[in-house]
> 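Before we start, here is the structure in question, set down as structure tokens.
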There are 2 protein chains.
Amino acid sequence: MTPFTPASISDSLRRLPLFSGIPPHELEPLLPGVREFKARAHEILFQKGDSLRGIHMLVSGRARLFMTTAQGTEKLLAMVKPGQAFGEAVVFLDRPCPVSAQATEDSTFLIVAKDVLLAMMDRNPVFARQMLASISMRLHELMSDMETCTLMNSLQRVVSYLSHQLPESGDPACEIRLDTSKQMLASRLNLAPETFSRALHHLAEGGVIEVSGRTIRVLDTQRLKTFQA
Amino acid sequence: MTPFTPASISDSLRRLPLFSGIPPHELEPLLPGVREFKARAHEILFQKGDSLRGIHMLVSGRARLFMTTAQGTEKLLAMVKPGQAFGEAVVFLDRPCPVSAQATEDSTFLIVAKDVLLAMMDRNPVFARQMLASISMRLHELMSDMETCTLMNSLQRVVSYLSHQLPESGDPACEIRLDTSKQMLASRLNLAPETFSRALHHLAEGGVIEVSGRTIRVLDTQRLKTFQA
DNA sequence: GGATTTTCTTGATTTCGGTCAAGGTTTTTA
DNA sequence: TAAAAACCTTGACCGAAATCAAGAAAATCC
């Protein structure tokens, strides 16, 4: 993880959704507290138990958040895409981080120090609301994951995941491109890779999807959503 | 759920942790947006899909937050105790509520309307931080639950739960009083009641605990935490 | 572009925890 | 305090998904 100080951190900042509602000149006081970092694919960004200096924001690349057991078992919590923030809750609570983070591709991200964030919130109520909305969203996503993991069986989880990936358009048929490996998706859904594979196979046999590598062709979105056994 | 307008809503407000850092005179502008409600035991407060007028705060009694499937299966997410807030994330996102809430005892609670809350946050940075910390805490708890539910087996989950209930004191032995029925705890840990019962039995056989009704006597906290098979 | 590693699939087997059923407790209610 | 209801425990059984194993496909690397 290499610190880096480019001329245009403020450019990157401005493009992040969390700061998009803020007029550029109000972002300036933030700058002394922002550092840019580069991480190579597979590099660990932080680990469970670490304390974080500030919130992390992915500028480019891809990262994953995951939990581990003492025995080494891993559970994927989220894939982080450019523009997304992570570690907000940790920073505001001043507690050891409950998850670990790893770059899955070569990535660039910003760390915005806690103190400048808090100062900004004090100064700018719009930003405070934005921050609150961002964490609230995280909470809702986690609830939804909890629902999937605890109330659904393996097939329903896969169906649920695919359904959430469908584009807004009401097209009866469409294509989904999985954005990570199937093993990672399996972990995200709390399934063994084998079980995930079998679920896809099952859906394909039922004639609702066609699988070829990471591309999944959904033949009938309606039937997918209501697919049973 | 009966609306109610007592003389001293501000008394109740002041005692809630979320508002404890706020000088009493600053709470005044909030009052027009606060309503007090009474609910009988078993009364549903709101259901998944509802939109909430404001954050809910339990003043007295007990409530539970839970998720349901179409088939009627329930999963307990949290028990709410007096002083705790719920529904914050829903309010700030303006989305349908992802969970349902029910009073488990006769209860009194306050609903603080969204608009006065936002106004208060704009006016008072300390409160904004408090709000953020509260939601962040919720997020951490949910992460911890996720960890229990996905990375641990049934026995480990029960051990984990009991360990978290231990008092701070380093006493090797102590007593835990379960604060809900065992079926509810089972649901909280995502276990069938039978499995929960068997896990307790197993621990008792192993000589680490003694169970009598809702009272659990932990004989050796150290052995409990590291209990295997 | 062939070799090597990683990822994915498929089948056979096992196991953990859920379900069903029945009996025992405790709590509630009248 | 007796009856009813709710709650808890225990045993027998079953099933969904994990694990194990091995081969196929895809991606990565010299």
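What you are looking at is a predicted structure, and each value in this text was computed from that prediction instead of being measured.
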> Where the side chain of A/Ser181 is defined as all heavy atoms beyond and including C-beta, which of C/dG17, D/dT10, C/dC8 is the nearest nucleotide?
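For A/Ser181, the side-chain atoms sit closest to C/dC8.
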> Expressed in angstrom and rounded to an integer, what is the separation of A/Arg214 atom CZ from D/dA27 atom P?
8 Å
> Round to the nearest Å and state the distance from A/Gln71 atom CD to D/dA18 atom C1'.
15 Å
> In terms of ring plane angle, is the pair A/Phe227 and A/His202 parallel, tilted or perpendicular, where the classes change at 30° and 60°?
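Judged by the thresholds at 30° and 60°, the geometry between A/Phe227 and A/His202 is perpendicular.
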> Rounded to the nearest Å, what distance is computed from the CG atom of residue A/Leu189 to the C1' atom of nucleotide D/dA16?
16 Å
> Looking only at N and O atoms, is any donor in the side chain of B/Arg198 or the base of C/dT19 less than 3.5 Å from an acceptor on the other one?
yes
> In this structure, how many angstroms lie between the C1' atom of D/dC8 and the CE atom of B/Met184, rounded?
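In whole Å, D/dC8 C1' lies 15 Å from B/Met184 CE.
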> Can you tell me if A/Thr68 uses its side chain to pair, donor with acceptor, with the backbone of A/Glu74 under 3.5 Å?
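Side chain of A/Thr68 to backbone of A/Glu74: no pair is present.
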> Rounding to a whole Å, what distance do you find between B/Leu191:CG and D/dT9:C1'?
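About 15 Å, once rounded to whole Å.
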> From NE2 of B/His42 over to C1' of D/dA6, roughly how many Å is that when rounded to an integer?
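Nearest whole value for this atom pair: 10 Å.
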> Which atom names give the shortest non-hydrogen contact between B/Leu58 and B/Ala63, and what distance separates them?
CD2-N, 4.0 Å
> Does B/Thr195 place a side-chain N or O at less than 4.0 Å from the phosphate oxygens OP1/OP2 of C/dG17?
no
> For the backbone of B/Thr104 and the side chain of B/Arg64, can you confirm whether one donor and one acceptor N or O come within less than 3.5 Å of each other?
no
> Whole-Å distance between D/dC8 P and B/Phe196 CZ?
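Answer to the nearest Å: 9 Å.
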> Within the structure, does a side-chain N or O atom of B/His201 lie under 4.0 Å from either OP1 or OP2 of D/dT9?
no
> When you measure from the side chain of B/Asp106 to the backbone N and O of B/Ala41, does any donor-acceptor pair fall under 3.5 Å?
yes
> Return no unless some side-chain N or O of B/Lys182 is found under 4.0 Å from OP1 or OP2 of D/dT9.
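Looking at the OP1 and OP2 atoms of D/dT9, one of them is under 4.0 Å from a side-chain N or O of B/Lys182.
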> Respond yes when some side-chain nitrogen or oxygen of B/Ser154 is under 4.0 Å from OP1 or OP2 of C/dG17, and no when none is.
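The answer is yes; a side-chain N or O of B/Ser154 sits under 4.0 Å from OP1 or OP2.
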> Rounded to whole angstrom units, what separation is found between the CD atom of B/Glu194 and the C1' atom of C/dA21?
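Atom-to-atom, B/Glu194 to C/dA21, this comes out as 10 Å.
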> Between A/Leu155 and B/Thr180, which residue's closest nucleotide on DNA chain D lies nearer the 5′ terminus?
B/Thr180
